[in-house]
There are 2 protein chains.
Amino acid sequence: MAHEKNISKAVIKRLPRYYRFLGELLNQGVTRISSRLLSEKMGITASQIRQDLNCFGGFGQQGYGYNVNVLYEEIASILGLDRQVDAILIGAGNLGRAVANHMEFEQRGFRLIGIFDENPALIGQTIKGVLVRSTDKIEPFCRVYHPTAAILCIPKTVTKEISDRLIDAGVKGFWNFSHYDLALNQKERGIVVENVHMSDSLMTLSYELKTLLSEEN
Amino acid sequence: MAHEKNISKAVIKRLPRYYRFLGELLNQGVTRISSRLLSEKMGITASQIRQDLNCFGGFGQQGYGYNVNVLYEEIASILGLDRQVDAILIGAGNLGRAVANHMEFEQRGFRLIGIFDENPALIGQTIKGVLVRSTDKIEPFCRVYHPTAAILCIPKTVTKEISDRLIDAGVKGFWNFSHYDLALNQKERGIVVENVHMSDSLMTLSYELKTLLSEEN
DNA sequence: TAGATTGTTAATCGATTAACAATC
DNA sequence: TAGATTGTTAATCGATTAACAATC
């Protein structure tokens, strides 16, 4: 809403973090906050916060600061958390089950409407109130329910094949936990992908520990 | 090794990704690669690849390209994947079990030596060959085995308390999956933290889908 | 040697920080 | 009004890209 200048990629990447911190403040009953105070909490400069928040409309007030609730709602709206998009989960192994149970989809702009797996032992079970179906049933399911997004918790060997099938079935967005890098050039096909590489983060920790431990000598 | 100029933060953040792509090439039996070819595979410019790889020593050869295996080993060494650091997992719920089973710690610079949970139903069980102990046993365990890193798959309400106990017990690095932002200022205490906010990535996908779908009109 | 491809410098671009006038 | 704090411009910093000489 409001004026919406150009929101840079760097700002977009920070929005979820702002959203989390503002939510935390709301929980604590804080109704207004200055850029300086928020900067202390988040560990970024007040200058950057003002620059960032000003990208999408003048929600601050000189001499007062920002209204936490207004800002929170505005960021939710920019991120699209104020609507829900239908999503299906492919792969109900350890990781898939953890994601299904752990993630608050409804508060993140999604609704989990189907789960699919190859393992006969899982098919017919229910996870978070959602029936686990055979992967054979992906296409007929999509013809009826038209999910917009898919969460991939499957081995990298089958990611290419499954994602191609899903794209054919009309899926537009992927949250990909498999180790296969779903190609970025999907963008040209009108597909968006968020690859989650948990092991990248573990390797970064390894690097940081290495650096830390060698500094200590 | 070699000359090691200053490796910038931006480069460090890309190293795990380089490492994954080079590993993939090795699997395919590729022994040499040019910056141009790698740039096509990874979706970044050849210029950036040369700039990046040159930060840590002249591993390329004019007219030839890069030796995939040499580069792979070099990045592993920079990230510290060529040694193993002892780690414990706190929280053996859905997410903890998924992380324990799913993650190849040994190939990422870590060795999982202990798992802790509060749930009596889990204590005494074994996950990936590692015994689940009561969280009461964290301190005595640490006195004997001195783990360097801890993986936190626990509710955000207990993260502060547990992490303080672990720091007192000598833990230096955290891989934190709880929704609590382990403070960055830990760095001053000689502690490193990698926070994994899976929901941030889901919110980013929500934003990208919103943008994509609104463009289509 | 000729062709390929790096290493490296210089130019560009974008993001962060500093500063302060505007204004609540 | 005086004090606080934003909005916004200008300055700085760092990262990316382009270009080409060096060299395998």
Side-chain angles (χ1 to χ4, degrees), chain A residues 1-18 21-22 25 30-72 74-75 78 184 204 207, chain B residues 1-18 21-22 25 30-72 74-75 78 184 204 207:
Chain A
M1 337 252 128
H3 32 117
E4 292 227 9
K5 306 179 191 179
N6 51 334
I7 309 185
S8 76
K9 278 198 173 180
V11 175
I12 295 294
K13 233 181 52 190
R14 279 192 290 270
L15 281 186
R17 189 140 185 278
Y18 280 119
F21 273 85
L22 291 168
L25 288 170
V30 178
T31 56
R32 63 180 256 205
I33 190 146
S34 70
S35 57
R36 199 176 60 69
L37 220 60
L38 189 56
S39 94
E40 281 165 19
K41 290 200 185 294
M42 294 185 63
I44 52 182
T45 67
S47 199
Q48 178 160 80
I49 289 175
R50 290 203 296 281
Q51 195 79 264
D52 284 355
L53 300 187
N54 199 242
C55 281
F56 47 93
F59 288 98
Q61 211 169 6
Q62 279 110 329
Y64 172 90
Y66 299 88
N67 178 311
V68 177
N69 194 54
V70 168
L71 208 49
Y72 183 76
E74 177 64 16
I75 293 177
I78 292 171
L184 312 150
T204 302
Y207 172 81
Chain B
M1 337 258 131
H3 32 117
E4 292 227 10
K5 306 177 192 181
N6 52 334
I7 308 185
S8 76
K9 277 198 176 180
V11 175
I12 294 294
K13 232 181 53 191
R14 279 193 290 270
L15 281 187
R17 189 141 184 278
Y18 280 119
F21 273 85
L22 290 169
L25 287 170
V30 178
T31 56
R32 63 181 255 204
I33 190 145
S34 70
S35 57
R36 198 176 61 70
L37 220 59
L38 189 56
S39 95
E40 281 165 18
K41 290 202 186 292
M42 294 185 64
I44 52 182
T45 67
S47 199
Q48 178 160 80
I49 289 175
R50 289 203 297 280
Q51 196 78 265
D52 283 355
L53 299 188
N54 198 241
C55 282
F56 47 93
F59 287 99
Q61 212 171 4
Q62 279 110 326
Y64 172 89
Y66 299 88
N67 178 310
V68 177
N69 194 55
V70 168
L71 208 50
Y72 183 76
E74 177 64 16
I75 293 176
I78 292 171
L184 311 150
T204 302
Y207 172 81

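Only this structure's heavy atoms are used, side chains among them; waters, hydrogens and symmetry mates stay out. Lettering of chains follows the sequences in order, A, B, ..., and the numbering in each one begins at 1. Remember, predicted model here, so these are calculated numbers, not experimental data.
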Below 4.0 Å: OP1/OP2 of C:dG7 and any side-chain N or O of B:Tyr66
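Yes, B:Tyr66 has a side-chain N/O under 4.0 Å of OP1/OP2 on C:dG7.
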Considering just the side-chain nitrogens and oxygens of A:Asn54, establish if one lies under 4.0 Å of OP1 or OP2 belonging to D:dT8.
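For D:dT8, OP1 or OP2 has a side-chain N or O of A:Asn54 closer than 4.0 Å.
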Take the protein atom [atom1] of [X] and the nucleotide atom [atom2] of [N], then report the distance between them rounded to whole Å.
| X | N | atom1 | atom2 | value |
| --- | --- | --- | --- | --- |
| A:Ile7 | C:dA15 | CD1 | P | 13 Å |
| A:Ile49 | C:dT16 | CD1 | P | 12 Å |
| A:Ile12 | C:dG14 | CD1 | C1' | 15 Å |
| A:Asp52 | C:dA15 | CG | P | 10 Å |
| B:Arg36 | C:dG7 | CZ | P | 17 Å |
| A:Leu53 | C:dT16 | CG | P | 13 Å |

Heavy-atom closest contact (B:Ser35 atom, B:Arg50 atom, distance):
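Heavy-atom minimum between the residues: OG-NH1, 3.0 Å.
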Return the minimal non-hydrogen interatomic distance between A:Leu22 and A:Val68, and the atom names on each side.
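So the minimum-distance heavy-atom pair works out to O-CG1, 3.7 Å.
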Classify every nucleotide of nucleotides 17-24 of chain D by which part a protein heavy atom approaches to under 4.0 Å, writing B for the base, S for the sugar-phosphate alone and - for neither, in 5'-to-3' order.
BBBB-BBB
[atom1] of [X] to [atom2] of [Y]: how many Å apart, nearest 0.5 Å?
| X | Y | atom1 | atom2 | value |
| --- | --- | --- | --- | --- |
| B:Leu15 | B:Phe56 | CG | CZ | 5.5 Å |
| A:Arg17 | A:Ile75 | CZ | CD1 | 12.0 Å |
| B:Thr204 | A:Ile12 | OG1 | CD1 | 8.5 Å |
| B:Leu38 | B:Lys41 | CG | NZ | 8.5 Å |
| A:Asp52 | A:Tyr18 | CG | OH | 3.5 Å |

Just name whichever nucleotide pairs with C:dA21, Watson-Crick or G-U, keeping both distances under 3.5 Å, else none.
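Answer to the pairing question: D:dT6, which forms a Watson-Crick or G-U pair with C:dA21.
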If pairing requires Watson-Crick or G-U wobble contacts with both distances under 3.5 Å, which nucleotide is the partner of C:dT12?
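Check on C:dT12: paired to D:dA15, both distances under 3.5 Å.
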When you get a sec, tell me which of C:dG7, C:dT5, D:dT5 is the closest nucleotide to the side chain of A:Ser34?
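Among C:dG7, C:dT5, D:dT5, the one nearest the side chain of A:Ser34 is D:dT5.
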